[in-house]
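For reference, the structure discussed in these notes is given below.
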Amino acid sequence: MSSQPTHILDVLARASECESFVRLLTPRGEHETTFRTLWHLSSLMKRAFEASAPAGRIAGILTPAEEIIAGFVGCLRAGRDFVSLPLPGRGQDPSQYALQIQQIVAQSGAVAVLMEAAYAAEFRGVLATTNCPLLVAERLAESAPAGRGRDWNPGELIQFSSGTTGTPKGVRLSGAAVAACVEGLLSAFRTGEHGPEVFCSWIPLSHDMGLIGGLLTTWAGAQICPHRYIGISPELFVARPSLWLQTCSEDAATVTTAPTFAYQIASRQLPRGPRLALGKLRAAIVGAEPIAQDTLRAFASAASEHGFRETALCPAYGLAEATLAVSMVPPAEPWSTRTVSVDGQTASYVSCGRI
C-alpha cells in the first residue's frame with residue numbers, strides 16, 4: 001500500500017526542530033536567525049493571511065528577509081497558492097519589467113502582492129493597473145491575531161519559467177513535487193557524508209534555483225546534519241560581485257550555486273583580489289545559462305590558487321517545468337564534455353551529468 005506523498009511543508013516542519021543557522025545579507029544590513037525561528041514566524045504569517053488578506057492566490061517577490069521567507073511559507077500553510085514574481089532581469093527596461101509583472105499577476109489570478117517594506121514604494125506604480133492590493137510583509141506580521149488558526153489543505157508554488165522571451169508562462173508545482181526535488185538534490189549533494197553543510201549564494205529567491213535549490217534544500221537538509229544558510233541579496237552581488245566568494249571563504253561554505261556569468265566574472269577578479277579560503281567548497285553548482293567549457297577552465301584555474309578543487313564544479317540543468325533540477329555532475333566527479341553533431345555542425349558541449 002503506497003503512502004501519501006510528502007509535502008514540502010511536512011519536510012520543513014520536521015527540519016525546523018533541528019540545528020540550523022541562517023544569515024541574510026542585504027543592502028539594509030545583516031540579519032541572523034534560524035530555520036526554527038522562520039517556521040514559528042510562518043505560523044504568525046499564516047494567521048495574518050487568514051485575517052487580513054483577500055481570499056485567493058498571493059503573488060510576491062521573495063527576497064532574503066525574514067518576514068518575506070516566513071510569509072511565503074505562511075501563505076502555503078494558510079492554503080493559498082504563492083505566485084513567485086521575478087526581480088528585474090539584467091539590463092531589463094523598467095517599462096518591460098512592469099508589463100511582465102502585470103502579465104504574471106493577470107495570468108495567475110493573484111488577488112494581492114506581498115513584498116518587504118524596502119520595495120513597496122517602488123512597486124506601487126508597477127501594480128497600479130492590476131487592482132491588486134500591496135501587502136507589506138512587516139506590517140502583515142504585526143497584524144496577526146493570536147491563536148492557532150484553521151487547518152487548511154496546503155497551497156502550492158506557482159513558478160514562472162526564467163528566461164522566457166515571450167509572454168511569461170507559469171507552472172503550478174505541487175508540494176509533493178517540491179519535496180521530491182529537494183530530497184533528490186540532497187541525495188545528489190551526498191549530504192550527510194561530509195559533516196555539517198554551509199550553503200552560500202546570491203541567487204534570487206524569486207528564481208527556482210535560489211528558492212528550491214538553495215533555501216528549501218538547505219532547510220530540509222537540517223534533518224540530516226547541521227546546516228547553515230547564507231543568503232546574499234542579488235543587489236549586493238551586482239554592486240560588488242567579489243562579495244560572493246569572499247563570503248563563501250569567510251563562512252567556510254561547502255555548497256554554492258550560480259549561473260555561468262558569475263563564474264566568468266569571478267575568474268577575472270580572483271587573480272586581482274585578496275587571498276581566499278575556498279578549500280571547503282565541495283560543490284559549486286553551475287546552471288541557469290548555457291555552460292561554456294572555457295569559463296569552467298578559467299574559473300578552476302583562478303580559484304585553484306585559493307584552495308578550490310576543480311572536481312567541486314558541478315554543471316547542472318534544470319527548468320521550472322521539472323520543479324527545478326533535472327541533472328547534475330555529482331560533487332567530486334570531474335566534469336566532462338561531449339562532441340555532438342547537429343545539422344552537419346559539430347561542437348563540444350559541457351555535460352550536465354546524470355539525471
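- For Trp39, there are no side chain to side chain donor-acceptor pair (under 3.5 Å) partners, not counting sequence neighbours.
- In this structure, CZ in Arg228 is found 8.0 Å from CD in Glu32, a value given to the nearest 0.5 Å.
- With hydrogens and angles disregarded, a donor-acceptor distance shorter than 3.5 Å links the side chain of Ser201 to the backbone of Thr257.
- Residue Phe72 forms a ring pair (Phe, Tyr, Trp, His ring centres under 6.0 Å) with just one option from Trp219, Phe49, Phe82, and that option is Phe82.
- Between the Arg36 side chain and the Glu17 main chain, a donor and an acceptor come within less than 3.5 Å of each other.
- A donor-acceptor contact shorter than 3.5 Å is absent between the side chain of Ser327 and the backbone of Ile355.
- Between Ala316 and Met328 the shortest heavy-atom distance is CB-CG, 3.8 Å.
- Annotation: side chain of Thr191 is in contact with side chain of His227 (closest heavy-atom distance under 4.5 Å).
- For Gln293 and Thr337, the side-chain atoms include no donor-acceptor pair closer than 3.5 Å.
- Considering only heavy atoms from C-beta on, Val329 stays 4.5 Å or farther from Cys352 through its side chain.
- Atom CD of Glu19 has 12 or fewer neighbouring heavy atoms from other residues, nucleotides or ligands inside a 6.0 Å radius.
- A single hydrophobic cluster is not seen to contain both Val326 and Leu186; linkage of ILVMFWY side chains at heavy-atom distances under 4.5 Å, directly or through other members, places them apart.
- With contacts defined as side-chain heavy-atom distances shorter than 4.5 Å, the pair Phe237/Leu243 does not qualify.
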**OP:** Would you sort out whether Gln269 and Ser242 count as a side-chain hydrogen bond (donor to acceptor under 3.5 Å, both in side chains), showing the intermediate values?
**Re:** CA-CA 7 Å; Gln269 291 187 334; Ser242 60; 4.6 Å; no
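- Under the side chain to side chain donor-acceptor pair (under 3.5 Å) criterion, Tyr317 pairs with no residue, sequence neighbours left out.
- Gln246 is listed as a side-chain neighbour of Arg240, based on a closest heavy-atom distance under 4.5 Å.
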Original post:
Going through the distances and angles, do Arg338 and Ser336 end up as a side-chain hydrogen bond (donor to acceptor under 3.5 Å, both in side chains)?
Top reply: CA-CA 7 Å; Arg338 298 287 185 272; Ser336 61; 3.0 Å; yes
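- In this structure, Ser108 contributes its side chain and Val83 its backbone to no donor-acceptor pair below 3.5 Å.
- Side-chain contact, Ser341 with Thr346: a donor N or O sits under 3.5 Å from an acceptor N or O.
- Atom CD1 of residue Ile58 and atom CZ of residue Arg80 lie 5.0 Å apart, to the nearest 0.5 angstrom.
- Within the structure, every pair that satisfies the ring-ring contact (aromatic ring centres under 6.0 Å, His included) test and touches residues 283-305, not counting sequence neighbours, is listed here: Tyr263-Phe299, Phe299-Phe308.
- Counting heavy atoms from C-beta on, the side chains of Val255 and Val198 never come closer than 4.5 Å.
- Side-chain N or O atoms of Arg47 include one that pairs as donor or acceptor with a backbone N or O of Pro145 at under 3.5 Å.
- Residues Glu138 and Glu116 are in side-chain contact: their nearest non-hydrogen atoms beyond the backbone lie under 4.5 Å apart.
- Thr37 and Thr34 are linked by a side-chain donor-acceptor pair at a separation below 3.5 angstrom, with hydrogens and angles left out of the test.
- Few gaps surround CG on Asp93; more than 12 heavy atoms of other groups in view lie less than 6.0 Å from it.
- Residues His194 and Thr254 are not in side-chain contact: their nearest non-hydrogen atoms beyond the backbone lie 4.5 Å or more apart.
- The pair Arg190-Glu333 meets the salt-bridge criterion, since a charged nitrogen lies less than 4.0 angstrom from a carboxylate oxygen.
- Counting heavy atoms from C-beta outward, Cys200 and Ile232 have side chains that approach closer than 4.5 Å.
- Of the possible polar contacts, one joining the Gln159 side chain to the Ser206 backbone as a donor-acceptor pair under 3.5 Å is found.
- The closest donor-acceptor contact from the side chain of Ser301 to the backbone of Ala298 lies at 3.5 Å or more, if one exists at all.
- Side-chain N or O atoms of Tyr349 include none that pairs as donor or acceptor with a backbone N or O of Ile291 at under 3.5 Å.
- Trp244 and Thr256 are linked by a side-chain donor-acceptor pair at a separation below 3.5 angstrom, with hydrogens and angles left out of the test.
- In this structure, the side chain of Arg77 does not engage the main chain of Leu9 through any donor-acceptor pair within 3.5 Å.
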Original post:
Between Ser174 and Glu156, does a side-chain hydrogen bond (donor to acceptor under 3.5 Å, both in side chains) hold up when you go through it step by step?
Top reply: CA-CA 5 Å; Ser174 73; Glu156 313 290 12; 5.4 Å; no
